[in-house]
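This report concerns only the one structure given below.
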Amino acid sequence: MGRTWNGHTALMAGKDGVVDTIVGWDPNSSWDAFKGSAFGRHYQMAPITGCWRDDTGMNADPTTQYYGLQIDQAEYTRFRRFLREELRGTQGFGSHLANSGVSFRYAFAPGKWMASESSLEGKAKGGDLKIISNCADAAFHVFASFLYEWDQKNLITEMASFINAGDEKNRNLSQGRLMRWLSQMEQQN
């Protein structure tokens with residue numbers, strides 16, 4: 001129900017036009033997400049535990065939009081393996097961060113909560129390194145790290161400029177901004 005209302009962003013890997021892996025960042029409990037946002041709307045839902053899940057069902061959704069990037073076989077193999085073996089099933093942004101001291105939480109309005117709860121934003125006390133993310137922000141962060149390795153820094157800058165556009169109140173709208181970026185990319189091709 002939440003995806004019908006809000007949409008969803010996921011990471012995908014495929015070869016020769018066939019998608020074989022789809023992984024998305026979700027709340028561990030859709031019931032907890034619903035309860036947390038039912039009365040105060042999505043903006044008020046406090047961060048909860050999240051998890052990367054198999055989102056293969058998105059491939060059959062006729063409203064799904066894709067953004068694809070040509071990479072070589074070694075890059076594809078590494079990206080696909082990361083999605084399947086290091087990301088899916090974790091409650092962070094990959095198994096390599098498991099002992100980093102950073103906590104990862106899910107919220108529909110991550111910008112609001114990062115500003116008040118994470119020392120990464122400079123406002124929280126005690127040095128708590130927290131990443132609070134919705135599905136679009138989480139996918140962007142993981143994808144951007146691979147784009148950096150693939151020497152596609154211009155795409156990181158482009159996507160980040162769309163995500164960061166707007167005022168303080170609207171900085172939680174990353175999914176819609178990524179969709180606008182995708183639409184622009186489709187028009188250019």
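All values reported here derive from a predicted model rather than from experimental measurement. Index from 1, following the sequence.
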*Going through the checks in order, is the side chain to side chain donor-acceptor pair (under 3.5 Å) test met by Gln73 and Thr77?*
CA-CA 6 Å; Gln73 181 63 43; Thr77 301; 3.0 Å; yes
Closest heavy-atom contact between [X] and [Y]?
X      : Y      : result
Phe79  : Ala13  : CD2-CB, 4.0 Å
Met12  : Val19  : CB-CG1, 4.3 Å
Ser133 : Ala138 : OG-N, 2.8 Å
Ile156 : Ala144 : CD1-O, 3.3 Å
Pro110 : Asn134 : CD-ND2, 3.5 Å
Gly24  : Ala10  : CA-CB, 4.0 Å

*Is the backbone of Asp72 close enough, under 3.5 Å, to the side chain of Glu75 for a donor and an acceptor to pair up by distance?*
yes
Close side-chain approach of [X] to [Y], heavy-atom, < 4.5 Å:
X      : Y      : result
Asp54  : Arg88  : yes
Leu87  : Leu11  : yes
Arg105 : Ile131 : no

*asked:* Tell me which pairs pass salt bridge (Lys or Arg N to Asp or Glu O under 4.0 Å) where either residue lies in residues 10-20, with sequence neighbours left out.
replied: Asp20-Arg80
*Determine, stepwise, if the pair Ile48 / Asn28 fulfils side chain to side chain contact (heavy atoms under 4.5 Å, CB included).*
CA-CA 8 Å; Ile48 60 176; Asn28 263 6; over 6 Å; no
_Once rounded to the nearest 0.5 Å, what's the spacing between atom CZ of Phe104 and atom CH2 of Trp52?_
10.0 Å
*Could you grab the distance from atom OG of Ser145 to atom CZ of Phe82, nearest 0.5 Å is fine?*
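So the OG of Ser145 and the CZ of Phe82 are separated by 6.0 Å.
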_Check this for me: does any side-chain nitrogen of one of Arg53 and Asp55 sit under 4.0 Å from a carboxylate oxygen of the other?_
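No, no charged N to carboxylate O under 4.0 Å.
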_Parallel, tilted or perpendicular, judged at 30° and 60°: which one describes the rings of Trp25 and Tyr106?_
tilted
*Just jot down the side chain to side chain donor-acceptor pair (under 3.5 Å) partners of Gln70, sequence neighbours excluded, or say none.*
none
